[in-house]
Amino acid sequence: MEEKSFLKQKIDKESPNRNIVPVTTSIEVDGKLSVGGCSIEELVNKYDTPLYILDEITLRKSCKAYKNALEKYYPGKSLPIYASKANSSIFMSNLVSSEGLGLDAVSEGELLTALKGGVPNEKIVFHGNNKSDKEIEFAVRNNIKIIVDNDYDLKRLEKISNLLNHDLEIMIRFTPGIECHTHEYIRTGSFDSKFGFGIEYLNTLFAKISGTKYLKLKGLHAHIGSQIFELEPHKDLGEIMVKVILAAKKFGHNIDELNVGGGLGIKYTESDDPPSIDEWVKTISSSVVEACKKNNLEFPTLMCEPGRSIVSTAGITIYKIGAFKEIPGIRTYLSVDGGMSDNPRPITYQSNYSACLVNNPFNIDSKNKYTVAGKHCESGDVLFKEIELADCKTGDLICVFGTGAYNISMSSNYNRIPRPAALLVHEGEAEIIQKRESPFDLLKYDVLPDRFIKRN
Ligand SMILES: Cc1ncc(COP(=O)(O)O)c(C=O)c1O
């Protein structure tokens with residue numbers, strides 16, 4: 001019998017990314033799972049499944065951990081910026097903003113969501129390797145700082161600043177050539193990346209920016225990848241970025257903002273052992289501080305852009321078990337009422353998660369290995385290739401942990417399956433932060449051309 005020992009581990013309340021479960025997770029006297037003071041079973045009775053749940057305390061602790069660590073270790077000004085691609089909503093924008101964080105957006109939709117959620121425009125940065133003209137105009141009109149990713153961005157911003165006839169502050173994104181051990185789809189800092197200027201091109205770029213009338217190079221950005229457990233790459237990144245500030249000075253640019261991106265990993269399974277938020281911030285801060293001191297440079301404003309490590313551990317997804325299919329001597333499939341449309345990470349990145357039964361979380365009397373399959377018409381729609389669970393039956397609930405990031409934000413309507421509702425739980429109260437879609441919602445944008453209507 002494999003006990004779900006992660007449920008018994010001491011919770012790190014300061015750095016939620018080091019836990020598999022939200023910090024408020026508990027097993028009630030009746031032996032059932034609760035989060036944020038709410039019984040999962042009761043939430044399901046009221047809100048149905050699949051169900052995304054976010055725990056407010058875990059979210060706030062993660063935000064505070066970044067803010068406090070930057071204040072503790074970095075002597076200059078600093079700003080943690082939430083990478084909203086991890087989970088973008090009016091609620092998330094509002095929450096991170098209430099904790100004093102900024103926000104990074106990569107589309108007009110994410111920008112709009114941030115503004116509607118109350119993030120001040122001066123705390124928003126706009127990324128993207130292929131921004132549309134409309135998106136750039138939206139950002140400029142709303143005084144949002146643009147991170148220039150390539151020459152195409154630069155040309156258009158120069159044109160806009162000439163038309164406006166006034167200065168426009170920009171940041172540039174570059175690839176520092178740092179390799180880190182993570183999935184190739186989420187590795188972005190090596191030379192072969194679609195994002196940012198190559199480091200070897202920066203002198204040319206600095207000269208180009210100097211040749212513009214109104215573009216002011218304010219900051220540098222680099223992001224080396226996601227779900228990273230090593231600290232060394234970020235130490236190297238701090239040093240490289242300070243060198244780039246010095247190189248830019250020779251072209252008359254006084255860069256005073258350094259954005260080191262995100263990337264800190266989280267604990268999805270028991271074998272994952274990410275550093276704490278405090279250690280990560282300490283590493284990057286010390287590296288920038290040392291390099292600045294060595295080169296007699298004033299401390300730039302230090303920004304970082306965590307996504308996953310802010311929101312992932314706060315999130316869980318609850319599914320209901322439906323069909324079982326036993327293939328003797330091979331495996332038993334257990335199918336749930338969601339899958340790749342609400343969590344595309346397993347099929348995209350072969351991601352692993354931890355899970356338990358809601359009504360038998362410790363896995364007492366576990367003797368069964370299952371393959372947990374989603375309900376989509378795709379053989380690869382499998383959430384767990386093999387997981388031990390206690391005896392379970394149709395109608396039982398499974399809780400998957402660590403689903404706060406890159407689940408709802410990457411969700412789809414594949415097979416015309418409506419997206420689940422999302423709830424916020426806090427001190428025994430649950431509130432809806434995203435309504436459940438219905439199949440009728442999915443018809444909203446379908447149009448039957450007139451001549452087809454007549455034919456019918
Ligand atoms: C530019 C940028 N910043 C920040 C992040 C957030 O990374 P993470 O969620 O790993 O912290 C990403 C993720 O892809 C990114 O592309």
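First listed ligand is number 1; within each ligand, the first listed atom is number 1.
- Across every non-hydrogen atom of Ser89 and Thr113, the tightest pair is C-CG2, 3.2 Å.
- Not a single heavy atom of Phe195 sits under 4.0 Å from any atom of ligand 1.
- Close approach of ligand 1 to Ser226 is summarised as follows: ligand atoms under 4.0 Å from at least one heavy atom of the residue are 7 (O), 8 (P), 9 (O), 10 (O).
- Among the candidates Ile199, Ile228, Asp236, the single residue satisfying the side-chain contact (heavy atoms from CB on, under 4.5 Å) test with Ile178 is Asp236.
- Those atoms of ligand 1 with a heavy atom of Gly307 less than 4.0 angstrom away are 6 (C), 8 (P), 9 (O), 11 (O).
- Using the six-membered ring where Trp is involved, Phe206 and His253 have ring planes that are tilted, between 30° and 60° apart.
- Annotation for ligand 1: atoms under 4.0 Å from non-hydrogen atoms of Glu305 are 1 (C), 2 (C), 3 (N), 4 (C), 5 (C), 6 (C), 11 (O).
- When only modelled atom types and interatomic distance are considered, Thr49 and Asp337 share a side-chain donor-acceptor pair under 3.5 Å.
- Residue Leu264 places no N or O, backbone or side chain, under 3.5 Å from any N or O of ligand 1.
- Residue-to-ligand polar distances keep His221 apart from ligand 1: every N/O pair is separated by 3.5 Å or more.
- For Lys375, the NZ atom is loosely surrounded, since the number of other residues' heavy atoms within 6.0 Å does not exceed 12.
- With contacts defined as side-chain heavy-atom distances shorter than 4.5 Å, the pair Asp104/Lys85 qualifies.
- Contacts between Ile228 and ligand 1 below 4.0 angstrom, taking non-hydrogen atoms only, are absent altogether.
- For ligand 1, the atoms lying closer than 4.0 Å to a non-hydrogen atom of Ala83 are 4 (C), 5 (C), 6 (C).
- Put simply, the residue from Leu297, Leu237, Leu302 that forms a side-chain contact (heavy atoms from CB on, under 4.5 Å) with Val288 is Leu302.
- Each of the atoms 8 (P), 9 (O), 11 (O) of ligand 1 lies under 4.0 Å from some heavy atom of Arg308.
- The N/O atoms of His127, backbone and side chain alike, include none that comes under 3.5 Å of an N/O atom in ligand 1.
- Taking every non-hydrogen atom of Tyr406 and a distance limit under 4.0 Å, the qualifying atoms of ligand 1 come out as 6 (C), 7 (O), 8 (P), 9 (O), 13 (C).
- A donor-acceptor contact under 3.5 angstrom links the side chains of Glu437 and Asn413, judged on distance only.
- When the options Asp342, Val358, Leu334 are evaluated for a side-chain contact (heavy atoms from CB on, under 4.5 Å) with Tyr319, the one that passes is Asp342.
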Problem set entry | Phe197/Phe174 under ring-ring contact (aromatic ring centres under 6.0 Å, His included): CA gap, chis, key distance, verdict | CA-CA 4 Å; Phe197 294 95; Phe174 74 104; 9.5 Å; no
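- The residue from Gln227, Arg173, His223 that puts a heavy atom closest to atom 7 (O) of ligand 1 is His223.
- Under the 4.0 angstrom criterion for non-hydrogen atoms, Ser309 is not in contact with ligand 1.
- Close contacts between ligand 1 and Asp104 involve ligand atoms 3 (N), 4 (C) [criterion: under 4.0 Å to a heavy atom].
- Against a heavy-atom cut-off of under 4.0 Å, Gly262 is close to the following atoms of ligand 1: 4 (C), 11 (O).
- Backbone and side-chain nitrogen or oxygen atoms of Gly225 are examined, and none is located within less than 3.5 angstrom of a nitrogen or oxygen of ligand 1.
- Taking 4.0 Å as the cut-off, Pro306 counts as a neighbour of ligand 1 on heavy-atom distance.
- The number of heavy atoms from other shown groups lying within 6.0 Å of CD (Gln9) is above 12.
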